[in-house]
Amino acid sequence: MYCVPIPTFRILAAIIPLQFASMLGFACHAILPPATPAPTEQADHIVVTKSTHTLVLYSHGTVLRTYKVALGRASGAKKEQGDNRTPEGHYRIDAHNPHSSCHLALHISYPSAEDRAKAAAAHQPPGGDVEIHGLPNGFGYLGALHRATDWTYGCIAVTDAEMDEIYRLVPNNTPIDIQP
């Protein structure tokens, strides 16, 4: 079998630019200071104002982010299971759910002891599973259009991109105040 030798100048033409690029990369790396990661922002308080359809994340008293939201289909404070209302009161984020039927979810600690007592006085179950969540899986393409009407069963909904950010910024046990 006869091998055709590759001319030496072709080999050099291919290798020299690669060596130059790698030397330049090493030189730049040696000159530049190492990249330091940006400090991780974390929310330490959430305020949802139903009348303005806003969710605000705070960090040490400073507004971190503000989002427009869709709420429960019915107006007023949640009283019982199935009333399609978003609760009002002081709660906490008590769980992150990456496997939600909506794009990510943060579970809210509703019902409180007060909510349970009110529902019991009315001889009704208080309900539960109230969350901040993205759009139903497969409907992310709707984006901000979902806010054209209140459509949830009592949850607080944002776009999928917003939920990605909120999910990352809000740790468990963060207080959340839901106001009329």
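Nothing here was measured: the structure is a model prediction, and the numbers come from that model.
- The shortest distance between side-chain heavy atoms of R65 and L169 falls below 4.5 Å.
- Checked by atom type, the side-chain pair N137/H103 shows no donor-acceptor distance below 3.5 Å.
- A donor-acceptor pair shorter than 3.5 Å cannot be found between the side chains of N97 and S100.
- A donor-acceptor contact shorter than 3.5 Å is absent between the side chain of K68 and the backbone of A144.
- Judged by distance alone, the side chains of D177 and H45 do bring a donor and an acceptor atom under 3.5 Å apart.
- Residues T54 and T52 have side chains that bring a donor and an acceptor to within less than 3.5 angstrom of each other.
- Put simply, the side chain of D150 never gets that close to the backbone of R73: no donor and acceptor are under 3.5 Å apart.
- Salt-bridge check for K78 with D115: failed, with every basic side-chain N at 4.0 Å or more from each acidic carboxylate O.
- Using a distance-only test at 3.5 Å, with no hydrogens or angles considered, a donor-acceptor pair links the side chain of T86 to the main chain of G72.
- Among all heavy-atom pairs drawn from T174 and D44, the shortest one is CG2-C, 3.7 Å.
- The shortest side-chain heavy-atom distance between I178 and I156 falls under the 4.5 Å cut-off.
- Residues L55 and I46 form a side-chain contact, since some pair of their non-hydrogen atoms from C-beta on lies under 4.5 Å apart.
- Considering only heavy atoms from C-beta on, P126 comes within 4.5 Å of Y110 through its side chain.
- A donor-acceptor distance shorter than 3.5 angstrom exists from the side chain of R85 to the backbone of S75, with no hydrogens or angles considered.
- In terms of modelled atom types and a separation under 3.5 Å, the side chain of T152 and the main chain of G154 share a donor-acceptor contact.
- Counting only heavy atoms from C-beta outward, the side chains of R147 and V158 never approach each other to under 4.5 Å.
- Smallest separation of non-hydrogen atoms from A70 and T149: CB-O, 3.9 Å.
- Taking CE of M163 as the start and SG of C102 as the end, the distance is 10.0 Å to the nearest 0.5 Å.
- In this structure a side-chain-to-backbone donor-acceptor pair under 3.5 Å is present from S59 to Q42.
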